[in-house]
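Please read the structure below before turning to the comments.
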Amino acid sequence: MITIIDYGLGNINAIHTIYKNLNIPVTVASNLSELDNSEKLILPGVGTFDFAMEKLHRSGLRDKLNNLVNENGVPILGVCVGMQMMMGRSEEGQMDGLGWVKGDVLHFKNIKPDGKKMDVPHMGWNNITPKRESPLLDGLDN
(Lines give C-alpha, C1' and ligand atoms only; values in the text may rest on other atoms or scores of the structure.)
Protein backbone atom coordinates (compact mmCIF):
# COMPACT_ATOMS: atom_id res chain seq x y z
CA MET A 1 0.00 0.00 0.00
CA ILE A 2 1.16 3.53 -0.81
CA THR A 3 0.99 5.68 2.30
CA ILE A 4 0.94 9.47 2.40
CA ILE A 5 2.47 10.69 5.66
CA ASP A 6 0.29 13.21 7.47
CA TYR A 7 2.49 14.95 10.01
CA GLY A 8 0.33 18.06 10.04
CA LEU A 9 1.86 19.82 7.06
CA GLY A 10 1.68 19.38 3.35
CA ASN A 11 -0.43 19.01 0.28
CA ILE A 12 -1.96 15.71 1.41
CA ASN A 13 -5.38 16.11 -0.20
CA ALA A 14 -3.89 17.07 -3.57
CA ILE A 15 -1.63 14.00 -3.61
CA HIS A 16 -4.44 11.73 -2.36
CA THR A 17 -6.76 13.00 -5.11
CA ILE A 18 -4.18 12.25 -7.82
CA TYR A 19 -3.90 8.61 -6.77
CA LYS A 20 -7.68 8.29 -6.29
CA ASN A 21 -8.30 9.66 -9.81
CA LEU A 22 -5.80 7.14 -11.19
CA ASN A 23 -7.54 4.30 -9.30
CA ILE A 24 -4.34 3.56 -7.37
CA PRO A 25 -4.93 2.46 -3.78
CA VAL A 26 -3.48 4.94 -1.30
CA THR A 27 -3.93 5.67 2.36
CA VAL A 28 -3.04 8.52 4.69
CA ALA A 29 -1.19 7.85 7.95
CA SER A 30 -1.16 10.23 10.87
CA ASN A 31 -0.29 7.75 13.62
CA LEU A 32 2.17 4.89 14.13
CA SER A 33 -0.22 1.99 13.54
CA GLU A 34 -1.36 3.45 10.21
CA LEU A 35 2.21 3.11 8.93
CA ASP A 36 2.41 -0.63 9.63
CA ASN A 37 1.31 -1.88 6.20
CA SER A 38 3.19 0.74 4.17
CA GLU A 39 4.97 -0.63 1.09
CA LYS A 40 5.78 2.81 -0.32
CA LEU A 41 5.76 6.21 1.36
CA ILE A 42 5.14 9.78 0.27
CA LEU A 43 6.46 12.61 2.45
CA PRO A 44 4.67 15.79 1.38
CA GLY A 45 5.50 19.26 2.54
CA VAL A 46 4.71 22.91 2.08
CA GLY A 47 6.53 25.67 3.89
CA THR A 48 9.90 26.16 5.51
CA PHE A 49 12.44 23.48 6.37
CA ASP A 50 12.64 24.04 10.14
CA PHE A 51 8.87 24.33 10.53
CA ALA A 52 8.36 21.08 8.62
CA MET A 53 11.04 19.26 10.65
CA GLU A 54 9.48 20.50 13.90
CA LYS A 55 6.01 19.32 12.78
CA LEU A 56 7.40 15.88 11.91
CA HIS A 57 9.18 15.64 15.27
CA ARG A 58 6.01 16.63 17.17
CA SER A 59 3.91 14.13 15.19
CA GLY A 60 5.69 11.20 16.84
CA LEU A 61 6.21 9.54 13.44
CA ARG A 62 9.92 10.25 12.98
CA ASP A 63 11.39 7.15 14.66
CA LYS A 64 8.94 4.83 12.90
CA LEU A 65 9.74 6.46 9.54
CA ASN A 66 13.47 6.13 10.21
CA ASN A 67 12.93 2.43 10.84
CA LEU A 68 10.78 1.92 7.73
CA VAL A 69 13.19 3.74 5.43
CA ASN A 70 16.58 2.81 6.93
CA GLU A 71 15.96 -0.67 8.35
CA ASN A 72 13.17 -2.03 6.15
CA GLY A 73 14.14 -0.29 2.90
CA VAL A 74 10.64 1.04 2.23
CA PRO A 75 10.84 3.35 -0.83
CA ILE A 76 9.94 6.97 -0.14
CA LEU A 77 9.12 9.94 -2.37
CA GLY A 78 9.59 13.43 -0.96
CA VAL A 79 7.48 16.23 -2.39
CA CYS A 80 8.59 19.86 -2.10
CA VAL A 81 9.98 20.47 1.40
CA GLY A 82 9.33 16.76 2.09
CA MET A 83 12.17 16.01 -0.35
CA GLN A 84 14.41 18.56 1.33
CA MET A 85 13.74 17.00 4.75
CA MET A 86 15.23 13.72 3.53
CA MET A 87 18.67 15.38 3.29
CA GLY A 88 21.13 15.95 6.13
CA ARG A 89 20.52 19.66 6.45
CA SER A 90 19.34 22.75 4.61
CA GLU A 91 20.89 26.19 4.15
CA GLU A 92 17.34 27.48 4.62
CA GLY A 93 17.07 26.18 8.20
CA GLN A 94 18.94 25.49 11.40
CA MET A 95 17.63 22.02 12.25
CA ASP A 96 19.10 18.74 11.03
CA GLY A 97 17.22 16.87 8.35
CA LEU A 98 16.42 13.17 8.38
CA GLY A 99 19.73 12.24 6.75
CA TRP A 100 18.23 9.54 4.51
CA VAL A 101 20.00 11.10 1.52
CA LYS A 102 23.59 12.24 1.94
CA GLY A 103 24.11 15.91 1.20
CA ASP A 104 22.75 19.33 1.95
CA VAL A 105 19.96 21.41 0.44
CA LEU A 106 21.54 24.55 -0.98
CA HIS A 107 19.78 27.87 -1.40
CA PHE A 108 19.18 28.95 -5.00
CA LYS A 109 21.32 31.91 -5.90
CA ASN A 110 19.44 34.70 -7.67
CA ILE A 111 22.29 35.59 -10.01
CA LYS A 112 22.54 33.88 -13.39
CA PRO A 113 25.94 33.07 -14.91
CA ASP A 114 25.58 36.14 -17.16
CA GLY A 115 25.29 38.35 -14.05
CA LYS A 116 21.58 39.12 -14.46
CA LYS A 117 19.19 38.63 -11.57
CA MET A 118 16.34 36.15 -11.70
CA ASP A 119 13.32 35.60 -9.52
CA VAL A 120 13.78 32.90 -6.88
CA PRO A 121 11.91 30.68 -6.59
CA HIS A 122 11.36 30.44 -10.30
CA MET A 123 8.30 28.55 -11.46
CA GLY A 124 6.90 28.39 -14.94
CA TRP A 125 7.45 27.11 -18.44
CA ASN A 126 10.82 27.62 -20.06
CA ASN A 127 12.78 26.57 -23.10
CA ILE A 128 15.87 24.48 -22.60
CA THR A 129 18.92 23.91 -24.75
CA PRO A 130 20.16 20.34 -24.23
CA LYS A 131 23.92 19.97 -23.82
CA ARG A 132 23.74 16.28 -24.84
CA GLU A 133 21.19 13.75 -26.02
CA SER A 134 18.98 12.15 -23.40
CA PRO A 135 16.12 9.61 -23.58
CA LEU A 136 14.24 11.98 -21.26
CA LEU A 137 13.97 14.46 -24.12
CA ASP A 138 13.29 12.02 -26.99
CA GLY A 139 10.39 13.16 -29.16
CA LEU A 140 10.10 16.60 -27.56
CA ASP A 141 10.33 19.87 -29.42
CA ASN A 142 12.36 22.76 -27.95
Side-chain angles (χ1 to χ4, degrees), residues 1-113 116-142:
M1 174 67 66
I2 297 172
T3 304
I4 303 167
I5 303 159
D6 180 0
Y7 59 101
L9 184 67
N11 39 4
I12 295 158
N13 289 334
I15 295 169
H16 188 269
T17 299
I18 291 167
Y19 282 93
K20 183 179 173 186
N21 289 343
L22 293 170
N23 294 316
I24 298 172
V26 66
T27 188
V28 176
S30 59
N31 64 55
L32 296 174
S33 64
E34 292 172 331
L35 289 169
D36 286 341
N37 296 318
S38 301
E39 297 170 357
K40 297 175 183 173
L41 298 165
I42 299 174
L43 182 62
V46 173
T48 63
F49 184 85
D50 282 352
F51 185 68
M53 289 303 303
E54 183 63 33
K55 293 287 278 185
L56 181 61
H57 180 72
R58 286 186 191 170
S59 75
L61 300 175
R62 184 174 180 164
D63 289 341
K64 175 81 171 193
L65 291 171
N66 278 332
N67 183 267
L68 288 170
V69 172
N70 291 328
E71 304 299 320
N72 298 351
V74 174
I76 185 161
L77 171 69
V79 177
C80 200
V81 79
M83 186 245 357
Q84 295 177 32
M85 294 165 64
M86 293 168 42
M87 305 289 285
R89 62 174 295 277
S90 172
E91 282 186 343
E92 297 185 3
Q94 301 299 313
M95 297 181 73
D96 288 337
L98 295 165
W100 298 338
V101 177
K102 291 188 190 301
D104 298 338
V105 178
L106 304 179
H107 189 292
F108 280 113
K109 307 302 179 208
N110 67 345
I111 305 295
K112 295 195 262 183
K116 295 180 182 176
K117 289 192 176 219
M118 65 179 176
D119 293 333
V120 176
H122 174 74
M123 300 182 329
W125 295 98
N126 296 281
N127 293 327
I128 62 169
T129 304
K131 301 273 186 204
R132 62 178 184 220
E133 290 192 26
S134 168
L136 182 64
L137 303 174
D138 285 351
L140 297 178
D141 295 328
N142 285 341

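The basis for the numbers below is simple: all heavy atoms, side chains too, and nothing from hydrogens, waters or symmetry mates.
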Answer whether the closest heavy-atom distance between the side chains of Leu35 and Leu41 falls below 4.5 Å. yes
Val105: which residues meet the side chain to side chain contact (heavy atoms under 4.5 Å, CB included) condition with it, sequence neighbours left out? Gln84, Met87, Ser90
Taken to the nearest 0.5 Å, the spacing of Ile2 CD1 from Tyr19 OH works out to 4.5 Å
What's the shortest heavy-atom distance between Ile15 and Pro44, and which atoms? CD1-CB, 3.7 Å
Report yes if the side chains of Asn67 and Asn72 come closer than 4.5 Å at any heavy-atom pair, otherwise no. yes
Got a sec, which residues hit side chain to side chain contact (heavy atoms under 4.5 Å, CB included) with Met1, two or more places apart in sequence or on another chain? Thr3, Pro25, Thr27
Is the shortest side-chain heavy-atom distance between Leu56 and Leu98 below 4.5 Å? yes
Can you pull out every salt bridge (charged side-chain N to carboxylate O under 4.0 Å, His left out) where at least one residue sits in residues 58-73? Sequence neighbours excluded, please. Asp36-Lys64, Glu54-Arg58
For a quick test of reading the model, state the closest non-hydrogen atom pair linking Glu34 to Ser38 and the distance between them. O-OG, 4.2 Å
If you look only at pairs with a residue in residues 91-106, which of them pass as a salt bridge (charged side-chain N to carboxylate O under 4.0 Å, His left out), with sequence neighbours excluded? Arg89-Asp104, Glu91-Lys109
Apply side chain to side chain contact (heavy atoms under 4.5 Å, CB included) to Met86 and list each qualifying residue two or more places apart in sequence or on a separate chain. Leu43, Ile76, Trp100, Val101
The complete set of salt bridge (charged side-chain N to carboxylate O under 4.0 Å, His left out) pairs with one or both residues in residues 125-138, sequence neighbours excluded, reads none
If you round to the nearest 0.5 Å, how far is CZ of Phe51 from CE of Met95? 11.5 Å
Please list, chain by chain and in numerical order, all residues satisfying side-chain hydrogen bond (donor to acceptor under 3.5 Å, both in side chains) with Ser33, sequence neighbours excluded. Asn31
Which atom names give the shortest non-hydrogen contact between Cys80 and Gly45, and what distance separates them? CB-O, 3.1 Å
Separation between CD of Gln94 and CZ of Phe49, rounded to the nearest 0.5 Å: 10.5 Å
Ala52 and Val81: which non-hydrogen atoms are nearest, and at how many Å? CB-CG1, 3.9 Å
With sequence neighbours excluded, residues passing side chain to side chain contact (heavy atoms under 4.5 Å, CB included) with Val28: Ile4, Asp6, Ile12, His16
